[in-house]
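Heavy atoms only: backbone and side chains are in, while hydrogens, waters and symmetry mates are out.
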Amino acid sequence: MATSFAQSRAFPSSPQNLGGPTRQAPATKPTPVDLPALHNASRILLEQLAKDAQIIPDLGETLTASGSQVSASYSVFPDDIRVPFQKRKFVGIPDGLFQYYDSANVTSHMGLMAEVERVWISIDHKLFLWDYTDGQEISSFVDQPDVITHVALVKPKQGLFIDDITSLLVICTPVSVLLIGLAIVNETLEGRLRKNIKLYATDLTIATDIEMTSVIGTEDGRIFMCGQQDGNLYEMHYQANESWFGKRVQLINHSVGGVQSLLPRFASSTNDERIIVTVSDTKRNCFYTLSSRNTISMYSPDGEKSIQHIQTLSSLYKSVQDKAPGSPAVTPQNFQIINIHVVDPSESRTNIQLIAITTNGLRLYFAPSVSYSSYSMSSSSGSRNLRPLSLVHIRLPPVNLIHPDEQEKRYRPAPSTYGSSTVHPQPASRPYIVTTLDNSCYANGLIIAAQAGDTDGTDYILCLAPDLTRIGNLGQLNLPERPQQPHFDMITGQYTNTASSNRPLTEYATLLSIPGRTWAMEAINKTTAVTPPGTAAPSDINELASQFDEYPNQFMLLTNVGLTFLIKRRAIEYLKAVLEELQSEANVQPIIQFRDSFGRDQTCSMLLGLASGNTFLDPSDKLTSGTISTVSPEISAVAKQAFYDFGERPIWTERAMYGTAENKGTAIFSGRREGFALYFARLVRPFWKSKMTTILSNGTQALNASETLLLNAQTNLLALKDFLSRNPQLFHSSPSEPSSARTMLTEQEAWKAEQASVSELQNLLVRTIEALSFVLLLSDYRLGELIAKCDADTQKLISAQTFEDLITTQHGMTISRALVNVVIDQQIGQQISVDTISEVLQHRCGSFCSTDDVMLYKAKENIRKASETRNQTEKQKCLTESLHLFTKGARNIEFEKLREVIGDFQQLNYAKGAVTLPLTCALVQDPDNAGLECWHAGMLPSDPRYELAQARTHCYDLVLDSLQEFEQKCKDQLAAAGGIEVAALDAPESVRSHAYQLAFANDDEMFHSIFYDWLIDRDLADDLLEMGPPFLEAYLRREPATVKKFELLWQFYVKNGQPLRAAEVLGALAESTQFDLHLDARLEYLTLAVANAKSHPISVGGRHETAIAFLTDLEEKLDVAQVQLEIYSTLLPHVNDDPAVGERINSLAKQLFVMTDLYQKFAIPFDLPAIKLLCLHVSEHRDENVVRPIWNQIFDEIMQETDDPIERADAIMGRVVPLGQRFYPSESAFPLRFIAALLVRFMLANKNTLPAGWASRILIQCGVRFAEIWDIFNEMYESQVPPFNDQANVQAISSEIASLITDWLAEATRPQANLLRSEFPAGRIDSALDQYLSELEPSRVETKTRYENAKRLVRQYW
């Protein structure tokens, strides 16, 4: 801070890389949207706006800051750099008017109507409306004969006039009041907005014997005025037609009549006290009157033709004297109120409502009294929030004003060095005090008032404006000592020079001279940047926050020679002046004073605005919206250098973390970064937190910000971006002096943090510019109609989004993409090339229309071209290009859009696109195959990858839909052609076949699985097996398993020459418990399994031994299953005997049991001897202790059934023969010797009844060989063991043997019985016959005959 500005650091020649890569200004090429960074930058802007709302108090807060009810602090500067107002231009009264002054005795009046940019001038009965913006154009009204004394502009009542009439001219003469309709037509001429007017006769006039003046109007069209002669308050009431209850036009005297008791008691017949001024307060729905004796009254319109008196403030002089006793400015002679001014509610949070100004510049401030409860009346909704006013503050006039003649002599202190706070003495001057003010005007904390000058034909204008450097907290570090200001001491009653330590209201005060005598003065209407809800709003007097997004305040002063325009000089004009002085005279002192007065950050913000240019820099004329104003290149260079030097360096501050060795730090940013953020924030404040759209009465949405506002903001932001792009070195450090390593490290950290923050702000700057371009473009395409074409969820989302949301959030990206899609669709629908609109979008708002998006739009356009062309080659070319583009942008295609595209491909019979595009989307939208892994894991809804898997499934569904569509087209075509297929490239059958080929050729396993499911559901399983696609085996083996899959799988293996694997599948299917298969089906699967296993070639795979073992296992299982089936068939008739029994029997049909279970759970409990034998037979379980009781049981049961030996014999034969035929020669189930013994024992017990050979014939029927039976019987014959120790039994068995041998020989000697004959033991039999005959009892003649015949036959044949 010790070096002079001229010797300050130059820009770094190259950016210094302090702690990271250099952050450059954003390039024009769209970069990926970094939402977190944009959000951080937006938060910085909101922080700056919050500061803006706090740095400058509002009007009411400045009045109460000192704690006193009287103040008189002013800043009066002799140099014209800091003068608060300046004369912008003077426009003389047009010469054409003077021709109407046809005699010396004309009566003329004049006044201002800033709303319509006109001055009214009356010359006798003629009224002229002078367009002062044009300079010479004059409109006239001469259709009434009386001298015009007063003209006012008011609002009309709604519904009484044509829509074109927006205002009424109230023309007052001494004998009448006349209403004229006025319409305004706006037109732009040479880049400037001009208002043309048109007058309409209304036939609304009323005669009066009192001349009216001071006419005011209300928002709802009521008209009030005061009488010039009687000072009464009147209302001109008008209606559409006359009625029984009132005339069409009436003049109502509210000072007398029904409301007289509510009005102040003064004699209306005298001129001692009369109303001289009426003022309307439209925001509060009330109006005020000022009387000739300084009495102020407040009224509220209260119903048709009536008003409500709220309050009258009288004895104001005494109230002022009590608050400021002894002040020389408060005397009876000079205490005359000349005017009262309404304070807009937005200007004061403490509700300062009214200002009164006296002839000597004393100001009285009124606010609602806190001692009164809320004043309300049931008859008037407008007055419910009105409270009586009280005098809350007195502002004494300045006493050290500089005479205008001396003010105009430029004063410059000698140049001084940077940082000096020397106060240079001002040249001696005589103080000037205003005493005869007769006209005043107030707007936004600014006051101007006029009094006659020292010389004829000149007026002096007192100009007062808040000194923001004195009342604001702007972060000033080197604020010079406050100039000594005259301060009124209430104790001594004298003015003293003191420096206040508080920040009470301090105002710039100056006197300007203008030509002529002032007739009227009025503030020029301007468009104010309104702070949207949700944003911290700066006070109305904080012009630092508004000087870059609205024009300065201006006033018009109408005199008898012309119109003088005064303009409020903002801080930016002050700064521009000191920069010009620095550039031309090398005087550094003014800019240092400026920096010290406004603070580093505010100064940097304004320097940046000046250097980059702004649409509101030039206050001379309102240019067309969006036109940038710039300073000269020389001034811009000085501003840029000052911005860099005043910005200083960022600082890194560290703080130790308690209990750890870690230090954490934060950056205190430089003034350059703070100035950048502050300027950026102020440019976007009017719309940043504003809802993007508003909902109209018809339910449609419309843009919620004026296009002019957005266009100006975009222009200013673009100028800022271009400036920063041209000067990237502004946010980089210059080489610093050598220092410690620690200092260097912290400096690097500070620069790193600053550059990161600046980079985020620059990215947000680019994004914001593009967003405004995007919104303005949508507005050109009729935003409301575009939104109406979006789906309901998107419309709801759009209505909730602010501009900040559009720029910085994912929702913003979602709605922007939806709107772009609608725009593109609209353009394509109008046969407009998508290249045209996409180029516009990418050029103006690249981040809102990515390259991928454009690619998709071009693909869509190719589909449109393909649908329109009749050339097949051109059609295929367009479709191929479309598919190529869609494939490249597949990652960004939303599903609904994809569905629409596939539908187009289907209609155009483009199988490749309809099949391959969804498959490509399925893959690229699941790049890590997380969805595929989820599918492999079973697709559980709780799986975090489930949505990705579902997304793939939706894409596959589109492929299947395409295949079904092509199938249907084939059927339709065949039906139409009578079953004759058409052979053409785009014939339905060709398209269908191609589609299936593409589907089968895809290598996505998940798709193939879903595809095969679809085919099987459509009964195309045989076709699927015939094709044998590569993923079929995996699909059939994959869970979830189904019977259909198993059946297809074993058939698949059979078709592929793998019978053993087919047998494995069949065996698994037969034994599975997860399927509800009937026992018959399981038996069938086992049978097929055995058959396939037997078909396995020995040499295949070297699995011969394994295959044999597997086959053996299958055969055993098949045998067991057959046993189970027999058990089930046996027990099935008893299934309804008992529920428990039935359940057990039914279980046999549902699953396969092992033999042990069949025996233990069914054969034994149900006592089934035959089944028991079957179980033993199949299991080959040999246990005499088990099998013999079973046969004993069989014979015992027969014995119990009947006592007749013959019946028993038949029963035994009926049961034993089938079992023997089934089980013989199994010793497990058919122990031959034991069964033979049982038969012989029964035969012996009934030897007198049964025929000889009964036992042997049963065994023969069972299939037992003759030789084996003979061996058993012969052993019995020779055994001599009971019962064959009894000769009768021996003889009986001998008869059995005789019968057996006879049957044996008959069978052996039968023709074609060669094998049996060769096996016949002739030698043994021959010798045995000899023995049998020798031991046979003589009585057994039949037996002997059989033996002898047998012996003969043996010898005959052997």
Side chains of T289 and T278, donor plus acceptor under 3.5 Å: no
Under 3.5 Å side-chain donor-acceptor pair for N439 and T518: no
Partners meeting salt bridge (charged side-chain N to carboxylate O under 4.0 Å, His left out) with R673 (sequence neighbours left out): none
Euclidean distance, N553 CG relative to S546 OG, rounded to 0.5 Å: 8.0 Å
S670 side chain to R649 side chain, donor-acceptor N/O pair below 3.5 angstrom: no
Straight-line distance of L386 CG to M298 CE, nearest 0.5 Å: 5.5 Å
Distance-only polar pair, side chains of T615 and N716, donor-acceptor under 3.5 Å: yes
Point-to-point distance, once rounded to the nearest 0.5 Å, from OG1 of T603 to CD of E674: 13.0 Å
Derivation of the side-chain contact (heavy atoms from CB on, under 4.5 Å) call for V392 and S390: CA-CA 6 Å; V392 295; S390 62; 3.9 Å; yes
Near-ring test F616/F548, centroid separation under 6.0 angstrom: no
Geometric class of the H309/Y299 ring pair [parallel <30°, tilted 30-60°, perpendicular >60°]: tilted
Residue pair C286, I310: steps toward the side-chain contact (heavy atoms from CB on, under 4.5 Å) verdict: CA-CA 9 Å; C286 65; I310 305 299; 5.8 Å; no
Worked check of salt bridge (Lys or Arg N to Asp or Glu O under 4.0 Å) between E573 and K576: CA-CA 5 Å; E573 279 82 47; K576 183 179 178 183; over 6 Å; no
F594 and M606, any side-chain heavy atoms less than 4.5 Å apart: yes
Heavy-atom donor-acceptor pair, R395 side chain to S73 backbone, under 3.5 Å: yes
From CZ (R82) to OG1 (T510), nearest 0.5 Å: 12.0 Å
Cation-pi check, R293 onto Y317 ring (under 6.0 Å, within 45° of axis): no
Polar side chain donor-acceptor pair, N334 to T331, under 3.5 angstrom: yes
Donor-acceptor pair, side chain of S280 and main chain of F287, under 3.5 angstrom: no
Y288-D281 side chain donor-acceptor pair, cut-off 3.5 Å: yes
Between R685 and T531: side-chain donor-acceptor atoms closer than 3.5 Å: yes
Straight-line distance of N444 CG to E543 CD, nearest 0.5 Å: 10.5 Å
Steps toward side-chain contact (heavy atoms from CB on, under 4.5 Å) verdict (L511, L462): CA-CA 5 Å; L511 277 177; L462 172 65; 4.1 Å; yes
Aromatic plane relationship, Y365 with H393 - under 30° parallel, 30 to 60° tilted, over 60° perpendicular: perpendicular
Pairwise side-chain contact, E550 with K526, heavy-atom cut-off 4.5 Å (strictly under): yes
Set of salt bridge (charged side-chain N to carboxylate O under 4.0 Å, His left out) partners for R43, sequence neighbours left out: E47
Residues E347 and K283 bridged, charged N to O under 4.0 Å: no
